[in-house]
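Please read the structure below before turning to the comments.
As the structure lists them, so they are numbered: ligands from 1, and atoms in each ligand from 1. Note: hydrogens, waters and symmetry copies are ignored here, and every other heavy atom, side chains too, is used.
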Amino acid sequence: MVKIGTSSLTLPDGSLDVGRIEHLADQALELTRAGRQLVLVTSGALGVGARRLGYSRRPQTIPEKQAAAAVGQGLLMQAYERAFLARQLVVGQVLLTREDVADRRRHLNSRNTLRKLLELGAIPVVNENDTVAVDEIRLGDNDTLSALVATLVDADLLIILSDVDGLYSGDPRRDPSARRFDVVPVVTPELEAIAGGAGTAFGTGGMMTKLQAAKIATAAGIPMFLTSGSQSHVLSAVLAGEAVGTLFLPKPRPLRARQRWLAFHLRPRGRILVDAGAAKALVENGKSLLPAGVVGVEGDFAEGDLVQVVDGSGRELARGLVNYSAQDLRRIQGSRTKDIAAILGRKDYDEVIHRDNLVISV
Ligand code: GLU
């Protein structure tokens, strides 16, 4: 599973770097000859389309972006088709939105499509369906998309080709003492702080979305490798175990498919603040969330929606499917379970979030 970013695919003037795509096709050929299956997540549609439409800057509004993506996606696929065909490789375009991976049925459909393409020996070339994606349903960045797709196809490895060859302790362009991490066992809040401050915001993602992708992939048990797309034959180098970037290690106890879907594919609709007792019960003792531990409710969610569970400092402890709407939860927060019926006039569940529908984030 390989994600390639806009900056690795375009020339400084914004046009498509056909040489890069040719080289990617060379590498794809090497990998398929070695018996490996490959899924590509490609960016570049927006940038290339914008240039073709005569924009001198990156499009700003959603309709502008959608129009640019419509033009650019065709150009992008044309380049992939041509380069891969020359090496007798078949590519298949797959365009996804957040909804396609969030809705359980569409999630399974997308997975079937990707798996069938691989089974047929074709290389899926995936991008976000930017022409229809409005804010509500878009992921917005292909780093996150690539991690979600990696979990869909149960990839062995996610490689992100960027314009920096890994995660650094500072901004390598400004700070000569910044050093690259070769291996990251866990994405800690400290690393996120470094990434947030490093100013590597090229493309849409920057380093933050790379770390977000690493969290998703590694929680699903998939290692992620971050390196630069400008090195030649970099994919073989990564697979040979060479130290050419940053390896994010998979979690020893990966989430199961349903938990992954719940944790990463659904979009949270609100937040539930809990007290220290409830935090401990959830995180350390494997318990469900009860109304007594709820001290605040944010957002306007309905029963069955995904919500974040946060502690007093706003740190996310868990996420899960909630049994009560925000409105009802505001009325029963802090109450004992046995009082729910008296307050609401009914008691559908003892728990605010049942353990089976909860995934711990910390
Ligand atoms: N889907 C966008 C495009 O093809 C790229 C998003 C990203 O770079 O993360 O232009």
Distance only, no hydrogens: is a donor on one side chain within 3.5 Å (strictly under) of an acceptor on the other, for Arg258 and Asn357?
yes

Ala45 heavy atoms within 4.0 Å reach ligand 1 at atoms 3 (C), 4 (O), 10 (O)

Would you say ligand 1 has an N or O under 3.5 Å from any N or O of Gly47?
no

Within 4.0 Å of some non-hydrogen atom of Ser43, the atoms of ligand 1 are 4 (O), 5 (C), 7 (C), 8 (O)

Any nitrogen or oxygen of Glu128, side chain or backbone, less than 3.5 Å from one on ligand 1?
no

Under a 4.5 Å cut-off applied to non-hydrogen side-chain atoms, are Leu306 and Arg319 in contact?
yes

In this structure, does ligand 1 have an atom that sits under 4.0 Å from one of the heavy atoms of Gly5?
no

Specify side chain, backbone, both or neither for Asn127, according to which of its non-hydrogen atoms lie closer than 4.0 Å to ligand 1.
side chain

Classify the contact between Thr209 and ligand 1 as side chain, backbone, both or neither, using a heavy-atom distance cut-off of under 4.0 Å.
neither

Is the shortest N/O to N/O distance between Asp143 and ligand 1 below 3.5 Å?
no

May I ask you to check whether over 12 heavy atoms, not counting those of Lys347, lie within 6.0 Å of atom NZ?
yes

With the side chain counted from C-beta on, respond yes when Glu298 and Leu273 share a heavy-atom pair under 4.5 Å apart, and no when they do not.
yes

Can you check whether Asp141 has an N/O within less than 3.5 Å of an N/O in ligand 1?
no

Decide whether Asn127 and Asn142 meet the rule of one side-chain donor and one side-chain acceptor closer than 3.5 Å.
yes

For ligand 1, which part of Thr6 has a heavy atom less than 4.0 Å away: the side chain, the backbone, both, or neither?
side chain

With a 4.5 Å cut-off on side-chain heavy atoms, are Leu235 and Leu31 touching?
yes

So if I count the atoms of ligand 1 from 1 in the order they appear, which ones are less than 4.0 Å from some heavy atom of Asp130?
1 (N), 2 (C), 3 (C), 4 (O)

Does any non-hydrogen side-chain atom of Leu266 lie less than 4.5 Å from one of Trp261?
yes

CG of Asp350: more than 12 outside heavy atoms within 6.0 angstrom?
yes

